[in-house]
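Input: a single structure, listed below in C-alpha coordinates.
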2 protein chains.
Amino acid sequence: MYKKKTPTQIFCGLHLFKELLNGKWKLMLIYYVYKEYRRPSQLQKIIPNSDRRVLDKQLNELVLHGFMRKQVFNTKVPKVEYELTDLGKSLIPVILNLEKWGEEHRPDLEIVLKADPKFIDIV
Amino acid sequence: MYKKKTPTQIFCGLHLFKELLNGKWKLMLIYYVYKEYRRPSQLQKIIPNSDRRVLDKQLNELVLHGFMRKQVFNTKVPKVEYELTDLGKSLIPVILNLEKWGEEHRPDLEIVLKADPKFIDIV
DNA sequence: AAATATCCGCATAAAATTATCCGGTATTGC
DNA sequence: GCAATACCGGATAATTTTATGCGGATATTT
(Lines give C-alpha, C1' and ligand atoms only; values in the text may rest on other atoms or scores of the structure.)
Protein backbone atom coordinates (compact mmCIF):
# COMPACT_ATOMS: atom_id res chain seq x y z
CA MET A 1 0.00 0.00 0.00
CA TYR A 2 1.09 3.48 -0.75
CA LYS A 3 2.33 5.61 2.14
CA LYS A 4 3.04 9.27 2.23
CA LYS A 5 6.62 10.33 2.63
CA THR A 6 6.03 13.89 3.63
CA PRO A 7 4.67 14.68 7.10
CA THR A 8 1.05 15.71 6.93
CA GLN A 9 0.31 19.09 8.43
CA ILE A 10 -3.07 19.73 9.94
CA PHE A 11 -2.65 22.89 11.93
CA CYS A 12 -5.77 24.38 10.45
CA GLY A 13 -9.19 23.22 9.40
CA LEU A 14 -8.44 23.85 5.76
CA HIS A 15 -5.74 21.21 5.88
CA LEU A 16 -8.00 18.71 7.55
CA PHE A 17 -10.49 19.19 4.78
CA LYS A 18 -7.90 19.03 2.07
CA GLU A 19 -6.09 15.95 3.29
CA LEU A 20 -9.25 13.91 3.46
CA LEU A 21 -11.39 15.25 0.66
CA ASN A 22 -9.08 16.28 -2.08
CA GLY A 23 -9.75 13.32 -4.33
CA LYS A 24 -10.92 14.10 -7.81
CA TRP A 25 -14.47 12.83 -7.29
CA LYS A 26 -14.86 12.64 -3.55
CA LEU A 27 -17.13 15.59 -2.96
CA MET A 28 -19.22 14.63 -5.93
CA LEU A 29 -19.54 11.09 -4.67
CA ILE A 30 -20.72 12.33 -1.31
CA TYR A 31 -23.17 14.64 -2.97
CA TYR A 32 -24.60 11.97 -5.23
CA VAL A 33 -24.90 9.42 -2.45
CA TYR A 34 -26.81 12.08 -0.58
CA LYS A 35 -28.98 12.45 -3.70
CA GLU A 36 -29.76 8.73 -3.52
CA TYR A 37 -27.39 7.44 -6.14
CA ARG A 38 -26.26 4.79 -3.74
CA ARG A 39 -24.97 2.00 -5.91
CA PRO A 40 -21.60 1.79 -7.64
CA SER A 41 -23.15 1.32 -11.05
CA GLN A 42 -25.41 4.31 -10.59
CA LEU A 43 -22.52 6.46 -9.50
CA GLN A 44 -20.45 5.35 -12.45
CA LYS A 45 -23.24 6.37 -14.77
CA ILE A 46 -23.97 9.71 -13.20
CA ILE A 47 -20.32 10.76 -13.11
CA PRO A 48 -19.23 11.09 -16.71
CA ASN A 49 -15.76 10.13 -17.87
CA SER A 50 -14.90 8.53 -14.60
CA ASP A 51 -13.22 5.20 -14.37
CA ARG A 52 -14.62 2.44 -12.23
CA ARG A 53 -11.35 1.74 -10.49
CA VAL A 54 -10.78 5.36 -9.64
CA LEU A 55 -14.26 5.78 -8.21
CA ASP A 56 -13.89 2.55 -6.27
CA LYS A 57 -10.67 3.70 -4.74
CA GLN A 58 -12.20 6.98 -3.69
CA LEU A 59 -15.28 5.28 -2.34
CA ASN A 60 -13.09 2.92 -0.34
CA GLU A 61 -11.23 5.84 1.13
CA LEU A 62 -14.43 7.66 1.95
CA VAL A 63 -15.56 4.56 3.83
CA LEU A 64 -12.18 4.15 5.51
CA HIS A 65 -12.30 7.76 6.63
CA GLY A 66 -15.81 7.50 7.99
CA PHE A 67 -17.76 9.61 5.52
CA MET A 68 -19.78 6.68 4.19
CA ARG A 69 -20.81 3.17 5.08
CA LYS A 70 -20.85 0.37 2.59
CA GLN A 71 -23.59 -2.20 2.68
CA VAL A 72 -23.21 -5.46 0.82
CA PHE A 73 -26.31 -7.47 0.05
CA ASN A 74 -25.66 -11.10 -0.65
CA THR A 75 -28.55 -11.44 -3.02
CA LYS A 76 -28.33 -13.67 -6.08
CA VAL A 77 -27.00 -10.75 -8.06
CA PRO A 78 -24.67 -9.02 -5.68
CA LYS A 79 -25.81 -5.60 -4.63
CA VAL A 80 -23.89 -2.84 -2.92
CA GLU A 81 -25.14 0.39 -1.47
CA TYR A 82 -23.38 3.30 0.11
CA GLU A 83 -24.89 5.64 2.65
CA LEU A 84 -23.58 8.70 4.39
CA THR A 85 -22.52 8.67 8.00
CA ASP A 86 -23.19 11.68 10.20
CA LEU A 87 -19.72 12.89 9.37
CA GLY A 88 -20.51 12.57 5.70
CA LYS A 89 -23.80 14.37 6.11
CA SER A 90 -22.04 17.21 7.88
CA LEU A 91 -20.33 17.95 4.59
CA ILE A 92 -23.49 18.56 2.61
CA PRO A 93 -23.79 22.26 3.50
CA VAL A 94 -20.11 22.73 2.77
CA ILE A 95 -20.46 21.04 -0.60
CA LEU A 96 -23.52 23.09 -1.46
CA ASN A 97 -21.63 26.19 -0.53
CA LEU A 98 -18.69 25.31 -2.77
CA GLU A 99 -21.01 24.38 -5.60
CA LYS A 100 -22.89 27.64 -5.21
CA TRP A 101 -19.71 29.67 -5.26
CA GLY A 102 -18.56 27.90 -8.40
CA GLU A 103 -21.79 28.36 -10.27
CA GLU A 104 -22.20 31.98 -9.23
CA HIS A 105 -18.77 32.77 -10.60
CA ARG A 106 -18.84 30.43 -13.55
CA PRO A 107 -18.71 33.17 -16.18
CA ASP A 108 -15.56 34.69 -14.68
CA LEU A 109 -13.99 31.35 -13.95
CA GLU A 110 -14.51 30.01 -17.43
CA ILE A 111 -12.81 33.04 -18.88
CA VAL A 112 -9.91 32.53 -16.52
CA LEU A 113 -9.58 28.87 -17.40
CA LYS A 114 -9.71 29.51 -21.10
CA ALA A 115 -7.12 32.25 -20.83
CA ASP A 116 -4.67 29.93 -19.08
CA PRO A 117 -2.71 27.95 -21.67
CA LYS A 118 -2.17 25.27 -19.06
CA PHE A 119 -5.72 24.09 -19.60
CA ILE A 120 -5.51 22.99 -23.19
CA ASP A 121 -9.00 21.81 -23.57
CA ILE A 122 -11.95 22.25 -21.37
CA VAL A 123 -15.08 20.18 -21.47
CA MET B 1 5.63 25.64 -19.19
CA TYR B 2 3.67 22.69 -18.03
CA LYS B 3 0.44 21.88 -19.78
CA LYS B 4 -2.23 19.47 -18.76
CA LYS B 5 -2.68 16.41 -20.90
CA THR B 6 -6.09 15.43 -19.68
CA PRO B 7 -9.14 17.46 -20.67
CA THR B 8 -10.39 19.55 -17.80
CA GLN B 9 -13.99 18.94 -16.87
CA ILE B 10 -16.00 21.73 -15.36
CA PHE B 11 -19.57 20.59 -15.58
CA CYS B 12 -20.22 21.51 -11.97
CA GLY B 13 -19.20 24.22 -9.57
CA LEU B 14 -17.19 21.81 -7.49
CA HIS B 15 -14.88 21.26 -10.41
CA LEU B 16 -14.46 24.93 -11.06
CA PHE B 17 -13.41 25.38 -7.48
CA LYS B 18 -11.12 22.40 -7.53
CA GLU B 19 -9.34 23.19 -10.75
CA LEU B 20 -8.43 26.67 -9.67
CA LEU B 21 -7.95 26.39 -5.93
CA ASN B 22 -6.58 22.99 -5.26
CA GLY B 23 -3.02 24.11 -4.63
CA LYS B 24 -1.51 23.10 -1.34
CA TRP B 25 -1.46 26.62 0.10
CA LYS B 26 -3.81 28.58 -2.09
CA LEU B 27 -6.75 28.96 0.23
CA MET B 28 -4.44 29.77 3.08
CA LEU B 29 -2.68 32.39 1.03
CA ILE B 30 -5.98 34.02 0.16
CA TYR B 31 -7.00 33.92 3.79
CA TYR B 32 -3.76 35.46 5.02
CA VAL B 33 -3.73 38.16 2.41
CA TYR B 34 -7.22 38.97 3.57
CA LYS B 35 -5.80 39.08 7.11
CA GLU B 36 -3.30 41.68 5.94
CA TYR B 37 -0.25 39.53 5.52
CA ARG B 38 0.35 41.07 2.17
CA ARG B 39 4.04 40.67 1.52
CA PRO B 40 5.85 37.55 0.34
CA SER B 41 8.19 37.54 3.31
CA GLN B 42 5.30 37.86 5.73
CA LEU B 43 3.45 35.02 4.07
CA GLN B 44 6.52 32.85 4.13
CA LYS B 45 6.84 33.41 7.84
CA ILE B 46 3.21 32.87 8.72
CA ILE B 47 2.93 29.65 6.75
CA PRO B 48 5.21 27.16 8.47
CA ASN B 49 7.21 24.58 6.56
CA SER B 50 6.41 26.12 3.24
CA ASP B 51 9.00 26.69 0.62
CA ARG B 52 9.43 30.08 -0.97
CA ARG B 53 9.32 28.79 -4.52
CA VAL B 54 6.18 26.80 -3.92
CA LEU B 55 4.42 29.77 -2.37
CA ASP B 56 5.61 31.99 -5.19
CA LYS B 57 4.29 29.63 -7.77
CA GLN B 58 0.92 29.49 -6.10
CA LEU B 59 0.81 33.25 -5.66
CA ASN B 60 1.61 33.69 -9.33
CA GLU B 61 -1.23 31.39 -10.25
CA LEU B 62 -3.62 33.16 -7.93
CA VAL B 63 -2.73 36.40 -9.68
CA LEU B 64 -2.98 34.81 -13.11
CA HIS B 65 -6.41 33.49 -12.25
CA GLY B 66 -7.65 36.79 -10.94
CA PHE B 67 -7.94 36.11 -7.22
CA MET B 68 -5.22 38.58 -6.29
CA ARG B 69 -3.37 41.56 -7.65
CA LYS B 70 0.34 42.00 -7.22
CA GLN B 71 1.76 45.42 -6.58
CA VAL B 72 5.45 46.04 -7.02
CA PHE B 73 6.95 49.10 -5.37
CA ASN B 74 10.19 50.23 -6.89
CA THR B 75 11.54 51.56 -3.64
CA LYS B 76 15.21 51.28 -2.79
CA VAL B 77 14.56 47.97 -1.11
CA PRO B 78 12.10 46.29 -3.42
CA LYS B 79 8.70 45.80 -1.93
CA VAL B 80 5.85 43.63 -3.10
CA GLU B 81 2.31 43.48 -1.86
CA TYR B 82 -0.61 41.31 -2.78
CA GLU B 83 -4.23 42.26 -2.43
CA LEU B 84 -7.45 40.43 -3.09
CA THR B 85 -9.61 41.16 -6.11
CA ASP B 86 -13.36 40.99 -5.79
CA LEU B 87 -13.20 37.44 -7.03
CA GLY B 88 -10.69 36.66 -4.31
CA LYS B 89 -12.83 38.33 -1.68
CA SER B 90 -15.80 36.27 -2.77
CA LEU B 91 -13.93 33.24 -1.48
CA ILE B 92 -13.60 34.44 2.08
CA PRO B 93 -16.98 33.11 3.25
CA VAL B 94 -16.26 29.82 1.52
CA ILE B 95 -12.88 29.56 3.18
CA LEU B 96 -14.32 30.40 6.57
CA ASN B 97 -16.93 27.75 6.05
CA LEU B 98 -14.36 25.10 5.20
CA GLU B 99 -12.20 26.12 8.11
CA LYS B 100 -15.16 25.98 10.44
CA TRP B 101 -16.13 22.53 9.26
CA GLY B 102 -12.59 21.30 9.77
CA GLU B 103 -12.24 22.67 13.24
CA GLU B 104 -15.66 21.51 14.35
CA HIS B 105 -14.82 17.99 13.33
CA ARG B 106 -11.17 18.04 14.27
CA PRO B 107 -11.47 15.40 17.00
CA ASP B 108 -13.06 12.90 14.62
CA LEU B 109 -10.82 13.79 11.74
CA GLU B 110 -7.63 13.44 13.73
CA ILE B 111 -8.66 9.97 14.81
CA VAL B 112 -9.36 9.07 11.21
CA LEU B 113 -6.03 10.39 10.03
CA LYS B 114 -4.10 8.62 12.72
CA ALA B 115 -5.89 5.36 12.00
CA ASP B 116 -4.93 5.50 8.34
CA PRO B 117 -1.48 3.99 7.88
CA LYS B 118 -1.09 6.09 4.76
CA PHE B 119 -0.43 9.12 6.94
CA ILE B 120 2.72 8.00 8.60
CA ASP B 121 3.31 11.05 10.62
CA ILE B 122 1.11 13.96 11.31
CA VAL B 123 2.22 17.32 12.55
C1' DA C 1 -25.05 -19.05 -26.56
C1' DA C 2 -24.11 -14.37 -26.32
C1' DA C 3 -24.68 -10.04 -24.47
C1' DT C 4 -25.45 -7.36 -20.45
C1' DA C 5 -25.58 -6.30 -15.55
C1' DT C 6 -23.98 -6.73 -10.87
C1' DC C 7 -19.71 -6.61 -8.46
C1' DC C 8 -14.33 -6.99 -7.06
C1' DG C 9 -8.78 -6.15 -7.11
C1' DC C 10 -3.83 -5.96 -8.06
C1' DA C 11 0.09 -4.13 -10.54
C1' DT C 12 1.90 -0.77 -13.30
C1' DA C 13 1.94 3.42 -16.27
C1' DA C 14 1.10 8.07 -16.79
C1' DA C 15 0.09 12.54 -15.28
C1' DA C 16 0.14 16.27 -12.09
C1' DT C 17 1.79 18.49 -8.15
C1' DT C 18 5.22 19.73 -4.82
C1' DA C 19 10.03 20.04 -3.28
C1' DT C 20 14.74 21.03 -3.99
C1' DC C 21 19.03 22.61 -6.26
C1' DC C 22 21.10 25.75 -8.51
C1' DG C 23 21.51 30.63 -9.62
C1' DG C 24 20.95 35.89 -9.21
C1' DT C 25 20.32 41.68 -7.65
C1' DA C 26 20.11 45.41 -4.32
C1' DT C 27 19.77 47.79 0.31
C1' DT C 28 20.22 48.09 5.39
C1' DG C 29 22.50 47.47 9.65
C1' DC C 30 26.59 46.30 12.29
C1' DG D 1 33.53 44.24 4.69
C1' DC D 2 29.89 40.91 6.07
C1' DA D 3 25.50 39.22 7.56
C1' DA D 4 20.69 39.84 7.07
C1' DT D 5 16.58 41.12 4.51
C1' DA D 6 13.83 41.78 0.37
C1' DC D 7 13.08 39.98 -3.88
C1' DC D 8 13.17 36.81 -8.41
C1' DG D 9 13.48 32.30 -11.62
C1' DG D 10 14.73 28.19 -14.39
C1' DA D 11 15.76 23.29 -14.30
C1' DT D 12 15.29 18.94 -12.31
C1' DA D 13 13.99 15.53 -8.63
C1' DA D 14 10.70 13.52 -5.75
C1' DT D 15 6.22 12.68 -4.30
C1' DT D 16 1.43 11.92 -4.85
C1' DT D 17 -2.56 11.19 -7.52
C1' DT D 18 -5.06 9.43 -11.37
C1' DA D 19 -5.52 6.29 -15.27
C1' DT D 20 -5.17 1.94 -17.47
C1' DG D 21 -4.25 -3.02 -18.36
C1' DC D 22 -4.83 -7.17 -17.06
C1' DG D 23 -7.64 -10.43 -14.34
C1' DG D 24 -11.78 -12.65 -11.90
C1' DA D 25 -17.06 -14.27 -10.32
C1' DT D 26 -22.35 -14.95 -10.79
C1' DA D 27 -27.07 -13.98 -12.67
C1' DT D 28 -30.45 -12.19 -15.92
C1' DT D 29 -32.00 -10.99 -20.50
C1' DT D 30 -32.23 -11.62 -25.59
Side-chain angles (χ1 to χ4, degrees), chain A residues 1-9 15 18-29 37-45 47-65 70-82 116-121, chain B residues 1-9 15 18-29 37-65 70-82 113 116-121:
Chain A
M1 198 239 309
Y2 176 77
K3 292 192 185 191
K4 291 193 181 258
K5 294 178 182 169
T6 303
T8 301
Q9 302 201 0
H15 280 5
K18 193 168 189 323
E19 278 304 325
L20 291 166
L21 295 160
N22 205 4
K24 182 161 181 179
W25 308 106
K26 281 187 180 176
L27 295 181
M28 214 178 290
L29 286 168
Y37 296 82
R38 299 206 184 103
R39 304 181 57 185
S41 51
Q42 292 177 315
L43 291 166
Q44 283 156 36
K45 267 174 215 146
I47 300 182
N49 300 88
S50 64
D51 181 77
R52 168 181 71 79
R53 278 145 293 180
V54 174
L55 289 189
D56 274 6
K57 203 169 194 177
Q58 308 227 340
L59 285 165
N60 286 341
E61 282 189 16
L62 287 170
V63 170
L64 176 65
H65 294 153
K70 177 179 184 175
Q71 291 182 293
V72 179
F73 298 90
N74 288 318
T75 43
K76 288 152 252 171
V77 175
K79 189 170 115 179
V80 171
E81 285 188 4
Y82 291 93
D116 185 343
K118 178 177 170 186
F119 299 97
I120 32 164
D121 72 306
Chain B
M1 198 240 309
Y2 176 78
K3 291 193 185 190
K4 290 191 181 260
K5 294 178 183 170
T6 302
T8 300
Q9 303 200 359
H15 280 5
K18 192 168 190 324
E19 278 305 323
L20 290 166
L21 295 160
N22 204 5
K24 182 160 180 177
W25 308 106
K26 281 186 179 175
L27 295 181
M28 214 179 290
L29 286 168
Y37 296 82
R38 301 206 183 102
R39 304 181 58 184
S41 50
Q42 293 176 314
L43 291 166
Q44 283 157 35
K45 267 175 214 144
I46 199 77
I47 300 183
N49 300 87
S50 64
D51 181 77
R52 167 179 73 76
R53 269 143 276 153
V54 175
L55 289 189
D56 274 6
K57 203 169 193 180
Q58 308 227 338
L59 285 166
N60 286 340
E61 282 189 16
L62 287 170
V63 170
L64 176 64
H65 294 153
K70 176 178 183 176
Q71 290 181 293
V72 179
F73 299 89
N74 288 318
T75 43
K76 287 153 251 169
V77 175
K79 189 169 114 178
V80 170
E81 284 188 3
Y82 291 94
L113 283 169
D116 185 342
K118 178 177 170 186
F119 300 97
I120 33 165
D121 71 307

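Just so it is clear, the structure is predicted and the values come from calculations on it, not from any experiment. Chain A is the first sequence line, chain B the second, and so forth, proteins listed ahead of strands; every chain is numbered from 1.
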Candidate nucleotides D:dA19, D:dC7, D:dT17, ranked by approach to the side chain of A:Tyr2 - the nearest = D:dT17
Pick base, sugar-phosphate or nothing for B:Lys26, based on heavy-atom distances below 4.0 Å to the nucleic acid.
-> nothing
May I ask you to say what A:Lys3 touches in the nucleic acid, namely base, sugar-phosphate or nothing, with a heavy-atom cut-off under 4.0 Å?
-> sugar-phosphate
pair A:His65-B:Asp116: side-chain heavy atoms closer than 4.5 Å = yes
Whichever of B:Ser41 and B:Lys118 has its nearest DNA chain D nucleotide further upstream toward 5' = B:Ser41
Is the shortest side-chain N/O distance from B:Thr6 to OP1 or OP2 of D:dT18 below 4.0 Å?
-> no
Note: A:Asp51-A:Arg53 ion pair, threshold 4.0 Å (strictly below) | yes
Can you check the B:Asn22 CG to D:dT16 P distance for me, whole Å?
-> 15 Å
Could you tell me which non-hydrogen atom of B:Trp25 sits nearest to which non-hydrogen atom of B:Gln58, and how far apart they are?
-> N-OE1, 3.0 Å
A:Met28 side, atom CE; A:Tyr37 side, atom OH - distance, nearest 0.5 Å | 13.0 Å
Say whether, by atom type as modelled, one donor and one acceptor occur between the side chain of A:Glu19 and the main chain of A:His15 under 3.5 angstrom.
-> no
Results of side-chain hydrogen bond (donor to acceptor under 3.5 Å, both in side chains) for B:Lys26 - residues two or more places apart only = B:Glu61
With sugar-phosphate taken as primed atoms, P, OP1 and OP2 and all else as base, the protein-contact string of nucleotides 25-30 of chain D at under 4.0 Å (heavy atoms; B, S, -) is --SS--
Of A:Pro40 and B:Glu19, whose nearest nucleotide on DNA chain C comes first from the 5' end?
-> A:Pro40
With a 4.0 Å cut-off (strictly under) to non-hydrogen atoms of chain A, the first and last hit nts on DNA chain C, 5' to 3', are C:dT6 to C:dT17
Measure the spacing between CG of B:Leu43 and CG of B:Leu29 and express it to the nearest 0.5 Å.
-> 6.0 Å
By a strict heavy-atom criterion of less than 4.0 Å, which residues belonging to residues 50-65 of chain A are in contact with DNA chain C?
-> A:Arg52, A:Arg53
B:Leu43 CG to D:dA6 C1': how many Å, rounded?
-> 13 Å
Between D:dT5 atom C1' and B:Gln44 atom CD, what is the distance in whole Å?
-> 11 Å
Set of residues satisfying salt bridge (charged side-chain N to carboxylate O under 4.0 Å, His left out) with respect to A:Lys18, sequence neighbours excluded | none
Would you tell me if any nitrogen or oxygen in the side chain of B:Lys70 comes within less than 4.0 Å of OP1 or OP2 on D:dC8?
-> yes
Please report the closest heavy-atom contact between B:Pro40 and B:Val80, naming both atoms and the distance.
-> CD-O, 3.4 Å
Gap separating the NZ atom of A:Lys70 from the OH atom of A:Tyr82, nearest 0.5 angstrom | 4.0 Å
side-chain hydrogen bond (donor to acceptor under 3.5 Å, both in side chains) partners of A:Gln71, counting only residues at least two apart | none
